[in-house]
Structures are given as structure tokens and as C-alpha cells.
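Below is one structure, written out as C-alpha cells; the observations come after it.
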2 protein chains.
Amino acid sequence: MNAVDTAVKLLQAKKIRPSLTRIHILAYLLSHPIHPTVDQIYQALLPQIPTLSKTTVYNTLDLLLENKLVKLVGVEQREKHYDANTKDHGHFFCRICEKIYDFSTPAAEIEAPEIKGFQIEVKNVSYSGVCSDCRHKNKHKEDEYEKFEGN
Amino acid sequence: MNAVDTAVKLLQAKKIRPSLTRIHILAYLLSHPIHPTVDQIYQALLPQIPTLSKTTVYNTLDLLLENKLVKLVGVEQREKHYDANTKDHGHFFCRICEKIYDFSTPAAEIEAPEIKGFQIEVKNVSYSGVCSDCRHKNKHKEDEYEKFEGN
DNA sequence: TTTTATTTTGTAATGATTACAAATTTGAAA
DNA sequence: TTTCAAATTTGTAATCATTACAAAATAAAA
Ligand SMILES: [Mn+2]
Ligand SMILES: [Mn+2]
Ligand SMILES: [Zn+2]
Ligand SMILES: [Zn+2]
């Protein structure tokens, strides 16, 4: 099943009228699991929907959030990032390439607050640092630098 | 040892000149583990340092962050929250009373990205929902909410 | 069709944070 | 002590993602 059909079904299941704009935005998130920002979504859809307004992207994402069809990615960035993968998982933000990676959070997680009688509604596990690719690229640079210094 | 003395020692250990303002800000964070915002710190110290500028609070917190004397609380709020407790621990944000609670994150945590060769520099585990106090205070309303939401 | 509700849009306002340069304070050299 | 450069602090303006809001467009209902 393609992303558009999935989006329509998800919207209908939540009794949200599947307007063209809503389908496009949700389908984009489903087919581009890169945790995009509002502006990334807006820029990506503009060619297909030339009348699209950024306000509509904000409004639609709020609606999808309320209906738990998308989640906010809890990385510390100026712009908010969105995720149509609503399963429990963690995120790793690479400060070099600025990509956001998914990782699984084992079921046997930290339930400390729940034990204390807290009602957990949103969980956020996010790390940041340098991803594998960027570490490798950086190591290469360091090697070159060392060679240069040795001359 | 009081918070001021601790602050001075921490600053000196990092070779940061312990100016009055820096001591005050760090000591405030150490003695008020409520994860305050810039404005909360500013308002709290204004009576003692009438010439204090909010820019200085921003500057000082940036300096303390760089030197790992404080950490950012990874809670999704409009304003950033700061914590002088630099030990690994999680945070719970109550959407009713807006208090931020600490909880311990067991050592055997999710190390998935590290296995993949990622260099983890910052960890953030934060949950949100309704705290124990607020659940009890609003028992009736909460029951209605749970019924309605189907949780 | 006419009316009403929903969705989308454009523009203005918000507000936490940042940029930046001037003012002040500090510490050490002369 | 006086001088002076560096460090620190301050005030103001700019930034910019997000929100507020009302009008416009579109879809559904009557
Ligand atoms: Mn994800
Ligand atoms: Mn804490
Ligand atoms: Zn990277
Ligand atoms: Zn509470």
C-alpha cells in the first residue's frame, strides 16, 4: 500500500476529513522518515500544491498531533521535527550532519515515574553526538592532518 | 558546605573566574533544584544584584554549559530549563502544575546507538504527563479524561 | 440555489534567544 | 598609585519559529 492510501486510511480512522492538503502532508511524513521540520514539509509540497500556506502546515500538524497520527521528535533544535512513526523509539541527533537517526528503546524501559503513581503520556528518549558516518569521515581528516604535521 | 562555596569551588576547578554574578547564578541553581528558566533565575537574583542584565544570565549559562557545570533539561517547553545536577537522570514534566521532577535512569540503559559506533555526547530521557499530586487533586476530572481518551 | 460549516490562507503579533557594540570592572604591569 | 589591556557585564536591536486572528475559499447541508 502506498503512502497516500495509508494516509487516507489513517485520517478516516480518526474521523478527520481526508482533504488533499492533509493527505499530502501525512503521506509526505510517512514516505520520508527523515523527521522533517515544518519548512521542509512546506518546501517539499509547494511544487505539488502551489497555493499551500505555511500556516496550513502548522495547523495540519497540530491536528495530526492531537490525533496521535504524528509525534514530535524530542531533539533540542530551534525548529520542531515531526515523525509519522508513532511507535515508541528513540532518536539520535548528529551535531555534524544534523541527521536524526532512529533507535529502538527496549521494552524493559525506565518506568520509575510510573511506579511513583505518575501518569506518563509522552515519552522522549533522545541522544546527541556524532554519528558513525561523521566519525569515520572525521577520522580520515585527522589522519591527513597527522601526515601533514609529520612532514 | 553552602551553595556559594560549592559554586566558587566548581568555577575554580574549571578555571572560570568566580565573579559575583557567576557565583550567584551557579549557587542559585545548586540551591534551587527546580530546573529554573533564564527568567526565573533573573527575577530571583534581581533583588540581590539590582544591576543584573538578562543578557548576563544568558551569557553565564552558556559558559556554564560549555564547561559542563550545568545541563539543559530536555523538556519540550517554550523556555529552556537549566539544571546544576549534572549526574545522569531523567525528567518528568507535569502538564498540570508544570513542575519538573527528577527520576533515576538505571545504568543498564539503552545503548543501541553506541553499539552502532555512534559517539553519544548528550543523553536526554524526559517524560511528561500528570504527576502524582495532580492526579489525586483532580481525581474526578482525570477519570473523565481517561474515559474520553480511551486510555 | 442558498446557507452553513469546514478548511485554507495571508498578515500581524509574540517572545525567547542571539548579535553586537558600548560601558564597566578587573588584574597586572609600569 | 597610575595606566592599560583584557575580561566581564550591560542595553538595545535583530532574529525567526511559532501563534493569533480574521478573511477568503471550499465543501457539505438544507
Ligand atoms: Mn523516528
Ligand atoms: Mn534534574
Ligand atoms: Zn553525522
Ligand atoms: Zn503536577
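Labels below follow one simple rule: chain letters A, B, ... track the order of the sequence lines, proteins then strands, and each chain is numbered from 1. Owing to the predicted nature of the structure, the values given are computational and were not obtained by experimental measurement.
- The distance between the ring centers of A:Y101 and A:F93 does not fall below 6.0 angstrom.
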Detail all sub-3.5 Å separations between protein N/O atoms and N/O atoms belonging to nucleotides 23-25 of chain D.
none

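- Between B:V57 and A:Y58, the residue anchored closer to the 5' end of DNA chain D is B:V57, taking for each the nucleotide with the nearest heavy atom.
- No donor-acceptor pair closer than 3.5 Å links the side chain of A:R95 to the backbone N or O of A:V130.
- In terms of modelled atom types and a separation under 3.5 Å, the side chain of A:T56 and the main chain of A:L52 share no donor-acceptor contact.
- Interface residues of residues 19-48 of chain B facing DNA chain D, ordered by number: B:S19, B:T21, B:R22; criterion, heavy-atom separation under 4.0 Å.
- Rounded to whole Å, the distance from CG on B:L64 to C1' on D:dT9 is 15 Å.
- Side-chain N/O atoms of B:T55 include none lying less than 4.0 angstrom from OP1 or OP2 on D:dT10.
- Under the 3.5 Å distance criterion, the side-chain polar atoms of B:H81 are matched with a main-chain donor or acceptor of B:H35.
- Using a 4.5 Å cut-off on side-chain heavy atoms (C-beta onward), B:L61 and B:L29 make contact.
- The shortest side-chain heavy-atom distance between A:D83 and A:H89 falls under the 4.5 Å cut-off.
- Remark: P of C:dT9 and CG of A:L63 are 15 Å apart, rounded to the nearest angstrom.
- The nearest heavy atom of DNA chain C to B:D62 and to A:R17 marks one nucleotide each, and the one closer to the 5' end goes with A:R17.
- Side chains of A:V38 and A:E79 form no contact here, defined as non-hydrogen atoms less than 4.5 Å apart.
- For residues 8-22 of chain A, no residue pair satisfies the side-chain hydrogen bond (donor to acceptor under 3.5 Å, both in side chains) rule, not counting sequence neighbours.
- An end-to-end axis angle of 10° holds for the helix from C:dT1-D:dA30 to C:dA30-D:dT1, taken from five base pairs per end and rounded to 10°.
- An OP1 or OP2 oxygen of D:dT9 is reached within less than 4.0 angstrom by no side-chain nitrogen or oxygen of B:T51.
- A distance-only check finds no donor-acceptor pair linking the side chain of B:T86 to the backbone of B:L69 [under 3.5 Å].
- A heavy-atom distance below 4.0 Å to DNA chain D is reached by these residues of residues 72-86 of chain A, ordered by number: A:R78, A:E79, A:K80.
- Considering only residues two or more places apart in sequence or on other chains, B:K80 meets the salt bridge (Lys or Arg N to Asp or Glu O under 4.0 Å) condition with none of them.
- Using a 4.5 Å cut-off on side-chain heavy atoms (C-beta onward), A:S128 and A:C94 make no contact.
- Between B:Y127 and B:F103, the distance from one ring center to the other falls under 6.0 angstrom.
- For the pair A:F92 and A:V75, the minimum side-chain heavy-atom distance is 4.5 Å or more.
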